[in-house]
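To start, the structure itself, in structure tokens.
Because the structure is predicted, anything quoted here is derived from the model rather than measured. These values consider heavy atoms only, across backbone and side chains, with no hydrogens, waters or symmetry-generated copies.
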Amino acid sequence: MSPPVAAQKQPLILKPSSKWIASYEDDSCRLLRQFGAEDETVTMIFNSFGPGDYFRLVLAGKPLRVRHSSRPATLKFGPSEFEQEAEFLIGNLGKKPALLFSGAMRIAGETEAEKLARANSRPEDNYSIAKISKERKAAVTYLSIGRPLRKPVMLELGSMGKPFAALSTCVDELLTHWGIDVEKHKTLSQPVHIIGDPGRWIRSKDYPLDMIREGQPALVQFRLSVDHTGKTTACHIQQTTRPKEFDDAVCRALMKRSAFKPALDAEGQPIASYWRSAVRFQIPR
């Protein structure tokens with residue numbers, strides 16, 4: 001009998017071919033590195049839009065070429081973290097085919113207990129899972145990508161302790177440009193608190209008709225400024241895959257319908273803060 005198919009698929013192992021490059025954008029922080037050489041080059045990009053363990057991941061290069069897939073990708077930040085699934089869009093980074101992961105992710109996927117707790121929480125509960133320690137981040141030395149690739153790919157990252165620390169430092173500086181008191185936000189007694197269901201803040205009728213006719217998916221990462229009274233004072237597009245008209249429609253809807261209770265500092269006093277999320281728009285097939 002032949003061995004299992006999974007055992008036959010040895011991964012393409014790619015070593016770093018550049019140093020980590022940190023990029024400070026107006027409303028986000030980026031960490032980039034290249035792996036492999038020539039036709040086997042892969043570019044890896046971590047995008048961070050605020051404090052915490054979550055990031056958006058982009059992987060680009062010929063070894064990642066995918067024509068279509070109806071199932072989530074499988075990723076593992078090894079050697080210690082377990083494999084997780086992640087939704088993605090197929091696109092391009094310049095001339096390179098790319099996997100654009102549409103959801104915010106961490107090096108560790110949610111456990112079954114955490115998934116259950118999230119499922120049982122209400123939007124206004126502002127549910128969050130436990131933070132990942134610096135030690136766990138430093139223990140990550142590779143990323144392996146399985147499905148949907150015909151041949152799995154493994155990127156030898158090296159210890160991710162210092163790269164993730166650089167990303168965190170960038171984000172702290174970013175907050176000061178938003179008019180946020182960084183030190184007070186480290187000891188909040190309550191973050192910005194959602195009122196109502198944010199899933200109803202943006203509706204299909206809010207999108208420009210010509211954007212809908214195109215039938216193309218969209219991913220818009222946004223940040224809302226929330227003052228000390230809980231009022232939404234501004235909408236900022238942090239990253240987008242669509243034209244400005246689409247982004248404007250998203251912000252108009254959010255400014256009209258979003259509602260919050262203000263963030264509270266360690267003494268329970270309301271302070272100016274923010275709320276971040278993303279919109280994924282896709283025409284059902």
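Contact check for V153 versus L143: no side-chain heavy atoms found under the 4.5 Å cut-off. The closest side-chain heavy-atom distance from L31 to I45 is not below 4.5 Å. Side-chain contact between E40 and K62 is absent, with no heavy-atom pair separated by less than 4.5 Å. Proximity of I129 to E110: side-chain heavy atoms (C-beta onward) are separated by under 4.5 Å at one or more points. You'll find the side chain of F77 stays beyond 4.5 Å of the side chain of Y142, heavy atoms only.
Judged as a side chain to side chain donor-acceptor pair (under 3.5 Å), and not counting sequence neighbours, S18 has no contacts. Not a single ring pair (Phe, Tyr, Trp, His ring centres under 6.0 Å) links F49 to another residue, sequence neighbours left out. By the side chain to side chain donor-acceptor pair (under 3.5 Å) test, S17 is found to be paired with no residue, residues two or more places apart in sequence or in another chain being considered. For S102, the side chain to side chain donor-acceptor pair (under 3.5 Å) partners two or more places apart in sequence, or in a different chain, are R280. Residues forming a side chain to side chain donor-acceptor pair (under 3.5 Å) with K96 (at least two apart in sequence, or on another chain): T43.
With ring centers used as reference points, F260 lies under 6.0 Å from W201.
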Apply side chain to side chain contact (heavy atoms under 4.5 Å, CB included) to the pair F222 and V279, showing each step before the final yes or no. CA-CA 8 Å; F222 65 86; V279 177; 3.7 Å; yes
Salt bridge (Lys or Arg N to Asp or Glu O under 4.0 Å) between E156 and K15, worked out: CA-CA 5 Å; E156 294 191 348; K15 297 181 180 296; 3.0 Å; yes
What verdict does the side-chain hydrogen bond (donor to acceptor under 3.5 Å, both in side chains) test give for T232 and S258, after you've listed the backbone C-alpha separation in whole Å, the side-chain angles of each residue and the deciding distance to 0.1 Å? CA-CA 7 Å; T232 304; S258 61; 2.9 Å; yes
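Shortest non-hydrogen contact noted between A98 and A60 is CB-CB, 3.8 Å. The two residues L264 and L188 make their nearest non-hydrogen contact at O-CD2, 3.3 Å. Taking every heavy atom of both residues into account, D53 and I132 meet most closely at OD2-N, 2.7 Å. In plain terms, the two heavy atoms of S48 and Y54 that are nearest each other are OG-O, 4.2 Å. Minimum heavy-atom separation, P79 to K76: O-NZ, 3.5 Å. The two residues G199 and D197 come nearest to each other via the heavy atoms N-OD1, 2.9 Å.
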Quick one: side chains of residues 83-92, donor-acceptor pairs under 3.5 Å with protein atoms, not counting sequence neighbours, listed by atom name and distance.
{"from": "Q84", "atom 1": "NE2", "to": "R106", "atom 2": "O", "distance (Å)": "3.0"}
{"from": "Q84", "atom 1": "NE2", "to": "I107", "atom 2": "O", "distance (Å)": "3.2"}
{"from": "E85", "atom 1": "OE2", "to": "R147", "atom 2": "NH2", "distance (Å)": "2.8"}

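Checking T233 against D227 by side-chain atom types alone, no donor-acceptor pair falls below 3.5 Å.
The only option from H236, R223, Q239 that meets the side-chain hydrogen bond (donor to acceptor under 3.5 Å, both in side chains) definition with D27 turns out to be R223.
Note: F46 and W20 have tilted aromatic rings, judged against thresholds of 30 and 60 degrees for the angle between ring planes.
Crowding of R203 atom CZ: a count of heavy atoms from other residues, nucleotides or ligands under 6.0 Å exceeding 12. The local environment of NZ in K151 is crowded, with over 12 non-hydrogen atoms from other residues, nucleotides or ligands closer than 6.0 Å.
Using a cut-off of 4.0 Å between Lys/Arg side-chain N and Asp/Glu carboxylate O, D206 and R257 are scored as salt-bridged.
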